[in-house]
Visitor: 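Got a structure for you, questions after.
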Amino acid sequence: MSTQIVNIQPLSQPVNLGVEPATFSPEVEAEIDSHIAKYPVLRSAILPLMFIVQRERGYLDPAGVLYLANRLKLRVTDIWEVATFYSMIHVEPIGKYNIQICRTLSCKIRGAGKITEYCSQKLGIQVGETTADGKFTLTEVECLGSCGTAPMMQINFDYHENLTPEKIDQILEKLA
Amino acid sequence: MRIEAIGCEPLQLRRVHLENSRALDVYRRNGGYEAIKKVFDGMSPDDVINEVKKSALRGRGGAGFPTGMKWSFVPKDSPKPKYVVCNADESEPGTFKDRYLMERDPHMLIEGMLIAAYALGSKTTYIYTRGEYKYLIDIMDVAIAEARAAGLVGNNILGTDFSCEIYTHTGAGAYICGEETALLSSLEGLRGHPRMKPPFPAVSGLYACPTVVNNVETLTAVPDIIKMGGEAYQKLGTEKSGGTKVWSVSGHVNSPGVYELPMGYDDMEKFIMEDCGGMLDGKKLKAVIPGGSSVYIMRADQIIGKDVRMDYEGLVAAGSSVGSGGFIVMDETVDIFESTKNLTEFYKHESCGWCTPCREGTDWLVKVFKRIDSGGGRPEDAQLMLDLCDNIEGKSFCPLGDAAAWPIQSAIKRFPEDFKKRIS
């Protein structure tokens, strides 16, 4: 296992699947370069780059996958196998705001269930669904390291802690 | 939420309440970057490792392996580059101390990493942070840039011939990546699967090169160890558990938070009932998970009136362990069947799928929990779950399997009544 990385041969030719790979602005390309520069092995930049593709394109779409394969000189399957392992990499479209409510023990015993129910009612969607306007996705996630300020949720990358229904009203109003 | 040291002078939490505590000049005005100067002022790499050995510092991520010993396993004669990797993947349910250490005092981590890199001969280091902590990566990037501008990171640090780079790296939502070999797989751009040990990372880690992986809290303890000397640091704690420990307290107490205690703090009951503000709404204590979700759950009667000592040996003697220090307090309203089901769902979700006992075992355990929950419990179910645990514990590829089995085994043993009433 530990020598696995050494055995993977980079591809010498770009991948062509008949789909045009995604393109990015020079600023984003520079940001991508700055991540690649951190590592002695191209492939190591895969997760930081996936987050950038997601930010720019809403999710990791096939064109984004193809871009990454070409940029990192990997096979398309190498990209997919990594993308599907990590819960924060989305290979399907999701809402503009991803409401992730922590469901693990410390939050659970401080009322996470009620928070989920409240959000579900307020948005009119079940856990795992996206509102019809594509604005909000509601998910339950495992421990987010915010147990001392339970219950809590993360919307995209922002933490919202010590939640109450009133607080949720305020947060969602700002995003509406 | 409270952030406070109790029973000792704050070490790790010394600067957290200062205004603008993230800034380089605040860090420097309050004892920062003195340790690295002391190291450059005549300490050899071996001197540094010896001080860490004397400190009796044990890895704060959960396994509690002696840090100095881990460092001494790195071969000195290897022609390959060596790596120091900070494990900031903090994902053990109930644990959130590393988040506050990085958020409030990022330069403490940078200094700890520089000292570790010096001791191990590493020129390239990474901070692997869980993806959800993106704001911490931003904070660390600012602090690293500040340190670089001040000649503390990069080439010829403080005019010496020691050069070292610190890079931040992001995970993307996988508990397994807190396991050090899975973390290295992930850092290499692969799925976060654990690797066979041996070879240990000290010999063959990142890119098959000698690597040390240390938790945030472990590395942030290093500057103080160098400044005060290993022996003085050890004496803050006990003989085998040196120094202080930062606990993350959550659940049914009035003042959840981040608490720094000396190792060997001698009364868990007082810690809950006084230091953490006592039980929420005056309810009765039922159970405590003292070291993150993976450790054995404790009954109130194992704590009340028992003077449980909070260090590695003390907690083992009391029937649990320090783990990551994720201290979850549960009152009489909690059904331990429910709480154990919740954690088992966590482990099922986070099992990486690499080995059969963990992947299939956690899935079956959740199925049994759900069947019981929906009224289909059978008298033999407790034994069935113990048998399933027995087929996971010690038989899975990495410690995640053990971590899934221990909460169930201890819950069934210590709270049989909560299971019986659901099963019969």
Side-chain angles (χ1 to χ4, degrees), chain A residues 1-8 35 37-51 54 72 74 78-79 81-90 100 102-110 112-113 140-150 152 154 156-159 161-162, chain B residues 1 81 90-96 98-99 124 126 130-135 167 169-175 181 184-193 195-196 199 204-205 207-208 248-252 256-258 289 293 326 328 330-331 333-334 338-339 342-343 345-346 349-350 352:
Chain A
M1 272 301 284
S2 55
T3 52
Q4 186 173 358
I5 192 77
V6 180
N7 295 335
I8 293 173
H35 283 285
K38 293 177 179 180
Y39 313 97
V41 171
L42 261 179
R43 182 174 184 141
S44 278
I46 197 166
L47 287 179
L49 264 51
M50 279 181 178
F51 278 114
Q54 278 192 173
L72 297 174
L74 292 169
D78 296 330
I79 308 297
E81 72 163 25
V82 170
T84 51
F85 184 83
Y86 296 92
S87 64
M88 294 179 75
I89 305 300
H90 304 288
Q100 304 150 90
C102 174
R103 63 161 297 280
T104 320
L105 190 56
S106 297
C107 278
K108 195 77 170 182
I109 62 175
R110 293 297 295 258
E140 280 188 317
V141 296
E142 300 293 352
C143 187
L144 291 174
S146 196
C147 325
T149 46
M152 65 80 59
Q154 190 171 28
N156 296 347
F157 285 110
D158 295 330
Y159 275 73
E161 303 169 277
N162 294 311
Chain B
M1 209 196 69
E90 186 166 69
S91 311
E92 174 84 356
T95 315
F96 47 96
D98 294 343
R99 181 180 157 198
T124 310
Y126 295 97
R130 65 179 295 179
E132 293 88 345
Y133 284 176
K134 182 180 183 300
Y135 84 103
Y167 298 115
H169 181 85
T170 180
Y175 169 73
T181 62
L184 296 174
S185 297
S186 179
L187 185 46
E188 288 179 4
L190 301 162
R191 288 165 78 93
H193 290 309
R195 301 168 173 181
M196 184 65 89
S204 181
Y207 312 123
S248 318
V249 179
S250 64
H252 295 133
V258 176
I289 298 174
S293 60
I328 309 171
M330 288 175 272
D331 72 17
T333 64
V334 176
E338 287 289 337
S339 69
N342 179 279
L343 291 181
E345 285 165 345
F346 169 82
H349 184 263
E350 298 299 341
C352 77

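Nothing here was measured: the structure is a model prediction, and the numbers come from that model.
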Visitor: Heavy-atom pairs under 4.5 Å with chain B are the metric here; pick the option from A:Val82, A:Val141, A:Leu144 that has the most.
Guide: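 Result: the option with the highest number of such pairs is A:Leu144.
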Visitor: Under a 4.5 Å heavy-atom cut-off, does chain A meet the side chain of B:Leu187, its backbone, both or neither?
Guide: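 Its backbone and side chain both get close to chain A.
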Visitor: Out of B:Gly326, B:Pro93, B:Ala174, B:Gly257, return the one with the most heavy atom pairs under 4.5 angstrom to chain A.
Guide: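 The candidate making the most pairs under 4.5 Å is B:Pro93.
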Visitor: Considering only NZ, NE, NH1 and NH2 on the basic side and carboxylate oxygens on the acidic side, decide whether A:Arg43 and A:Glu81 come within less than 4.0 Å.
Guide: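 Looking at A:Arg43 and A:Glu81, the cut-off is met.
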Visitor: Let me know if B:Glu90 has heavy atoms under 4.5 Å from chain A in its side chain, its backbone, both or neither.
Guide: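 The answer is neither part of B:Glu90.
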Visitor: By a 4.5 Å heavy-atom criterion (distance strictly below it), what part of A:Glu161 contacts chain B: side chain, backbone, both, or neither?
Guide: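 Just its side chain gets close to chain B.
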Visitor: Could you tell me which of B:Ser250, B:Gly173, B:Ala172 has the largest number of non-hydrogen atom pairs under 4.5 Å with chain A?
Guide: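 With the most close heavy-atom pairs to chain A, the winner is B:Ala172.
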Visitor: Between B:Glu350 (side chain) and B:Tyr175 (backbone), is there a donor-acceptor pair under 3.5 Å?
Guide: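 The answer is yes, because a donor-acceptor pair under 3.5 Å joins these two groups.
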Visitor: Please classify the contact of A:Lys38 with chain B as side chain, backbone, both or neither, using a heavy-atom distance under 4.5 Å.
Guide: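 Interface part for A:Lys38: both.
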Visitor: Can the ring centres of A:Phe157 and B:Tyr133 be said to be less than 6.0 Å apart?
Guide: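 Centroid distance A:Phe157-B:Tyr133: not below 6.0 Å, so no.
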Visitor: Is a side-chain donor or acceptor of A:Gln54 paired with a backbone partner of A:Met88 at a separation under 3.5 angstrom?
Guide: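 Yes; judged by distance alone, with no hydrogens or angles, the pair exists.
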Visitor: Does the A:Arg110 side chain pair with the main chain of A:Ala150, one donor and one acceptor, at a distance under 3.5 Å?
Guide: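 Here the side-chain-to-backbone pair does not exist.
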Visitor: Using heavy-atom distances under 4.5 Å, tell me whether B:Thr333 contacts chain A through its side chain, its backbone, both, or neither.
Guide: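 Neither the backbone nor the side chain of B:Thr333 comes within 4.5 Å of chain A.
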Visitor: Let's test your reading of the structure: which of B:Gly94, B:Gly192, B:Cys352, B:Gly251 forms the most heavy-atom pairs below 4.5 Å with chain A?
Guide: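 Highest number of heavy-atom pairs under 4.5 Å: B:Gly192.
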Visitor: Are the side chain of B:Ser185 and the backbone N or O of B:Thr181 linked by a donor-acceptor pair below 3.5 Å?
Guide: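 The answer is yes, because a donor-acceptor pair under 3.5 Å joins these two groups.
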Visitor: Checking heavy atoms, do the side chain of B:Phe346, its backbone, both or neither come under 4.5 Å from chain A?
Guide: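 Answer is both: backbone and side chain atoms of B:Phe346 are under 4.5 Å from chain A.
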Visitor: What part of A:Phe51 gets within 4.5 angstrom of chain B, counting heavy atoms only: side chain, backbone, both, or neither?
Guide: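 A:Phe51 touches chain B through side-chain heavy atoms alone.
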Visitor: Which one of A:Leu47, A:Ile46, A:Thr84, A:Leu105 has the most heavy-atom pairs closer than 4.5 Å to chain B?
Guide: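 Answer, by heavy-atom pair count under 4.5 Å with chain B: A:Leu105.
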Visitor: For B:Val249, is it the side chain, the backbone, both, or neither that has a heavy atom closer than 4.5 Å to a heavy atom of chain A?
Guide: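 Contact with chain A is through the backbone of B:Val249 alone.
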Visitor: Contact part of B:Arg99 toward chain A, heavy-atom cut-off under 4.5 Å: side chain, backbone, both or neither?
Guide: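 The side chain, not the backbone.
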Visitor: Could you tell me which portion of B:Leu184 (side chain, backbone, both or neither) has an atom closer than 4.5 angstrom to a non-hydrogen atom of chain A?
Guide: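 Answer is neither: B:Leu184 stays 4.5 Å or more from chain A.
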Visitor: Checking side-chain contact (heavy atoms from CB on, under 4.5 Å) for the pair B:Thr170/B:Lys134: CA distance, chi angles, key distance, verdict?
Guide: CA-CA 8 Å; B:Thr170 180; B:Lys134 182 180 183 300; over 6 Å; no
Visitor: Side chains of B:Glu188 and A:Tyr39: is there a donor and an acceptor less than 3.5 Å apart?
Guide: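 The answer is no; no qualifying pair exists.
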Visitor: For B:Tyr126 and A:Ser44, test the side chains for any donor-to-acceptor distance below 3.5 angstrom and give the result as yes or no.
Guide: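 No, no side-chain donor-acceptor pair sits under 3.5 Å.
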Visitor: Determine yes or no for a side-chain-to-main-chain donor-acceptor pair under 3.5 angstrom, with B:Ser248 supplying the side chain and B:Phe96 the backbone.
Guide: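 At least one qualifying donor-acceptor pair exists.
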